[in-house]
Every structure is written in structure tokens, then in C-alpha cells.
Student: 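Dropping the structure in here first, questions after.
Heavy-atom basis, side chains included; hydrogens, waters and symmetry copies ignored. Being a predicted model, the structure only gives us computed values, none of them experimental. Residues: numbered from 1 along the sequence shown.
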Amino acid sequence: MTAVEALDVAVRRARRPQQRAMLALMAPALLFLGAFFVLPIGEFLTRGVANPEIPGALPSTIAALAAWDGGGAPDEPAYAALVADLGALGDRPELIALARRLNDEVPGYRSLVLRTARWAAEHPAAPYKAAVIALDARWGGRAIWSTIRRERLPVTAFYLLSALDLRLSARGVERTPAESAAFVEVLGRTLVIAGSVTMLCLAIGFPVAAVIAGARPAVANLLFMVVLLPFWSSLLVRAIAWIVLLQNQGVVNHALIDLGLIDAPVTLIFNRFGLLVAMTHVLLPFMILPLHAVLKTIPREHMRAAAALGAGPITAFRRVYLPQALPGIAAGSALVFVISLGYYIVPALVGGPREQMIGYFIAYFTSSAVDWGMASALGIMLLATTALIYAGLVKAIGIERLRVR
């Protein structure tokens, strides 16, 4: 071992107590994040591919369908297994979950399963095939049996495909009919609204951040208080305040009429305009703060030097000031865009029916429809979209990937 290698080993050995102390100090925060952030989100996202209802409720039926060739109705053993499985469920919650899960595949299967389960609970005698088909003719076709066999595994692509307006049929993956497709349009609308809010925040926030960065400390502190003022009030209060201001009989419409700009009130709320105004107001500080942190580090001498060398104001801004401000622009834009993607309260309050973003549907499937699989699939789609946009942003601005050693 050379002297340099020995010194390197000694330095690493000397740093170990300090590293252990730092790890011990970070341990509570890491445990908290793991227990209350990573694990719950991970468990929620796994529901987008989980399929416990069908294999858990119909184990004998799935085993009996292993020998079925798929060409028509299965044989008597499959019907006997179906009656046994449904009869064993009784009134347990697993029956409701099974009926809802099959109804997700084909509307109408919920009532079919519940009716058949009530009949099976009365312990009918064999033969079962004719009796089950007589109960409901749909059991004589291959459609529902194909669905049960296709969804026999504990994981499924149904929710993820549905989130992309796709479905799995006998011909493979195909598009959902236009009258049922909605989520791709909602995702596109979410991206457009988030991008519009980001552009508005950048257009408004950049001059404000530049003024604060170049102001005297006393003036900068006062302007900072004005920027941070929205944080001192509830998000719900701010949204309702915009409803009061922008409604047909609100302050803005009255001011426009008094100035003679309009003759009658115009609709400024519960539409795209009102939503963009309210979201921009809420998210503007998230753009200004990262921008100010970067613009504060740009020496004023650079612009004066560019002017002394003959560059005009626009050229100096474009060639000198803007390149140095790009990290702040990227950080603020990414922060505002990502926050906008998951917004729910403001669109629900000030947006119209056609302005609801994907967060609204995640909340709907979680609380109203109680369809955690669909809510999780939409969350996965939103997370994947955010990751792709972030990766593209990182590549576009040339930021090297951080490496943890």
C-alpha cells in the first residue's frame, strides 16, 4: 500500500464516526418519511395493478376453467365450481367486491353475480349447468367465462389500460369506444392548464423576482412580505375570494361596466379564465422564490459590462442575464407545473365542469365511487407523466444527473 492509499484509508476511517452521527441524526426523519410517506404512497400505487377480487372469490372456478378451450360455454365442472364459490361467499364483503370488479369489466355483471350468488346460497342440486343458464342466459355464453379466466391472476392491467382509454378484448388491446373514453382528454386538459399556469406565473413572477433581487434590503423585505402574503390565508379562502371578485355581480364586472368597457356582466368565473386567474394567484410565490434565489446571485456588473461593450438592453438581457437565470426559471417552472398537475380544490371551486383536472377524478374514485384501483391507475399515469416531463426538462436544460456515492 502506497503512502497516498494509506492516507486515503486513514481519512475514510476518521470520517466514519462523523458519518454515523449524521446518520443517527437523520434516522428519525428517514423513518418518518418511510412510514408515513413512502409506504402509504407505494401501497396506494400497487392497487392500480392489484386484482385480489376475482382470484380470491372464485378459486375453484378458475381452477376448473384451466381445461376450458374457450370455444363456447364450459362443461359441468366449471358450473359446479361457480355455484360452490358463490354459495360459500354468502353476504360477505368479498361478494360485493367481486360483483363490482366484474362490473368494471362489463356493465351489468354486478346484478348477474349478486343474483347468482343468492341462488347458489340456497344449495341447489346438480346438475348445475342447465340450472345456472336457466337462471340467466348470459352464463351460457363465453363472454363472462372468458373475463373470469383472463382475470385469474392476482395482478391485472385493466385499471392501467382504462386510465389510457384502452381495454383488453378477445382481439387484444383496443381503444375504448368514444362515448366511454375520457381520461386521455382529462390528462391533456390537465397538462394544458398546468402549462398555462406555469407560463403566466413565469411572465408575472420574473419581473417581480428581478425587482426584488435588485432592490435595497428594506424595499426587498417589504416586497417579500407582499409576495408571501397569500401563504398567510387559507387556500379555500383565497378561492372563495376570487368567486366573490369575478362573479357576474362582483367587483371586477362592476368596475368594467363603470369604466364603460362592457355593457353587461361577462362570465369570468366557473370557466377556464377564472381557473387560470385563481391558480396563478395561488402558485405565483412558488415561481418567485426560486427565481429570486438565482437572480440574487447574478452580479449587476455583468449587465453594465455588456452595455459598455455596445450591447443593447434586449441583447444584454438575452445573451448575459437570461442564461444565468435559466436554473431559477427551470426550478420555478418545474415546481409550479408539478404542483398544478395535482391540483383539486381550486378547480373544483372556481372551474367549470369542463375544467376539472385529473386530481378531481382521483378524488372521485377514492371517496365517492370507492374504486381504489382506478384512482391508483390515474395516480400512476399522473406520476409517470410528471416523471417524463421532468426528465425531458433536465435533458433540455443540460443539467447533469446527480449521483449519490
Side-chain angles (χ1 to χ4, degrees), residues 33-34 36-50 157 159-166 181-203 205 235 272 275-276 278-280 282-291 293-294 326-348 351 355-367 371-404:
L33 289 175
F36 297 102
F37 184 76
V38 177
L39 290 179
I41 291 180
E43 196 275 337
F44 171 73
L45 294 179
T46 57
R47 297 196 179 197
V49 295
Y159 297 115
L160 293 178
L161 291 175
S162 298
L164 297 173
D165 290 336
L166 301 173
F183 297 120
V184 172
E185 179 185 355
V186 171
L187 178 60
R189 181 195 310 157
T190 301
L191 294 174
V192 169
I193 293 175
S196 301
V197 171
T198 303
M199 293 297 102
L200 288 172
C201 287
L202 180 60
L235 178 62
R272 182 68 59 86
L275 177 60
L276 293 179
M279 289 185 64
T280 301
V282 172
L283 295 174
L284 188 56
F286 294 97
M287 176 67 73
I288 294 176
L289 295 178
L291 272 173
V294 174
L326 279 180
I329 294 175
S333 300
L335 184 61
V336 171
F337 187 82
V338 170
I339 296 176
S340 300
L341 284 178
Y343 245 46
Y344 163 64
I345 295 179
V346 175
E355 276 71 48
Q356 296 307 316
M357 301 167 68
I358 199 169
Y360 170 85
F361 292 92
I362 294 176
Y364 167 77
F365 283 114
T366 302
S367 58
D371 191 344
W372 287 87
M374 201 65 232
S376 175
L378 292 175
I380 293 173
M381 182 173 67
L382 182 61
L383 181 63
T385 303
T386 305
L388 289 174
I389 293 174
Y390 179 76
L393 178 64
V394 170
K395 184 176 181 180
I397 64 178
I399 298 178
E400 293 184 359
R401 195 171 301 167
L402 295 177
R403 296 181 180 179
V404 180

Student: Nearest 0.5 Å, please: how far is OH in Y344 from CG in L235?
Tutor: 12.0 Å
Student: Is a donor on one side and an acceptor on the other found under 3.5 Å between the side chain of R189 and the backbone of Q356?
Tutor: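 Side chain of R189 to backbone of Q356, a donor-acceptor pair under 3.5 Å: yes, one is there.
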Student: Any side-chain heavy atom of Y343 sitting closer than 4.5 Å to one from V282?
Tutor: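 Yes, close enough: below the 4.5 Å cut-off.
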Student: Provide the closest heavy-atom pair for D371 versus Y159 in the form atom of the first, atom of the second, distance.
Tutor: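 Closest pair (atom of D371, atom of Y159, distance): OD1-CE2, 3.8 Å.
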Student: Could you tell me the separation between the CE atom of M357 and the OG atom of S340, rounded to the nearest 0.5 Å?
Tutor: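 Rounded to the nearest 0.5 Å, the CE-OG separation comes to 6.5 Å.
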Student: Treating T280 as the side-chain partner and C201 as the backbone partner, does any N or O pair qualify as donor plus acceptor under 3.5 Å?
Tutor: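 Side chain of T280 to backbone of C201, a donor-acceptor pair under 3.5 Å: no, none is there.
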Student: Closest heavy-atom contact between V197 and M279?
Tutor: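 Between these two residues, the closest heavy atoms are CG2-CB, 3.9 Å.
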Student: Looking at every non-hydrogen atom in both residues, tell me the closest pair between V184 and D165 and how far apart they are.
Tutor: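 It is N-OD2, 3.0 Å.
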Student: For a quick test of reading the model, state the closest non-hydrogen atom pair linking L335 to P290 and the distance between them.
Tutor: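 Closest approach of L335 to P290: CD2-CG, 4.3 Å.
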Student: Quick one: does S376's side chain have a donor or acceptor within less than 3.5 Å of a partner on G373's backbone?
Tutor: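 Absent.
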Student: If you look only at distance, which donor and acceptor atoms sit under 3.5 Å apart when one is on a side chain in residues 383-391 and the other is two or more places apart or in another chain?
Tutor:
from	atom 1	to	atom 2	distance (Å)
T385	OG1	M381	O	2.8
T386	OG1	L382	O	2.8

Student: Taking all atoms of both residues into account, what is the closest heavy-atom pair of M374 and A163, and its distance?
Tutor: CE-N, 3.4 Å
Student: State the CG-OG distance between L291 and S333, to the nearest 0.5 angstrom.
Tutor: 7.0 Å
Student: Applying side chain to side chain contact (heavy atoms under 4.5 Å, CB included) between L283 and each of T198, L200, I339, report the one that passes.
Tutor: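 Between L283 and the candidates, side chain to side chain contact (heavy atoms under 4.5 Å, CB included) is satisfied uniquely by I339.
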Student: Answer yes or no: are there more than 12 heavy-atom neighbours, outside I345 itself, under 6.0 Å from its atom CD1?
Tutor: no
Student: Between atom CZ of F337 and atom CE of M287, what is the distance when rounded to the nearest 0.5 Å?
Tutor: 11.5 Å
Student: Atom OG1 of T190 and atom CG of L341: how far apart are they, to the nearest 0.5 Å?
Tutor: 7.0 Å
Student: Within the structure provided, determine whether F37 and I41 are in side-chain contact (heavy-atom separation under 4.5 Å).
Tutor: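 The answer is yes, as the side chains (C-beta and beyond) meet within the 4.5 Å cut-off.
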Student: Taking only distance into account, with no hydrogens and no angle test, what donor-acceptor pairs under 3.5 Å do side-chain atoms of residues 359-367 form with protein atoms, sequence neighbours excluded?
Tutor:
from	atom 1	to	atom 2	distance (Å)
T366	OG1	I362	O	2.7
S367	OG	A363	O	2.7

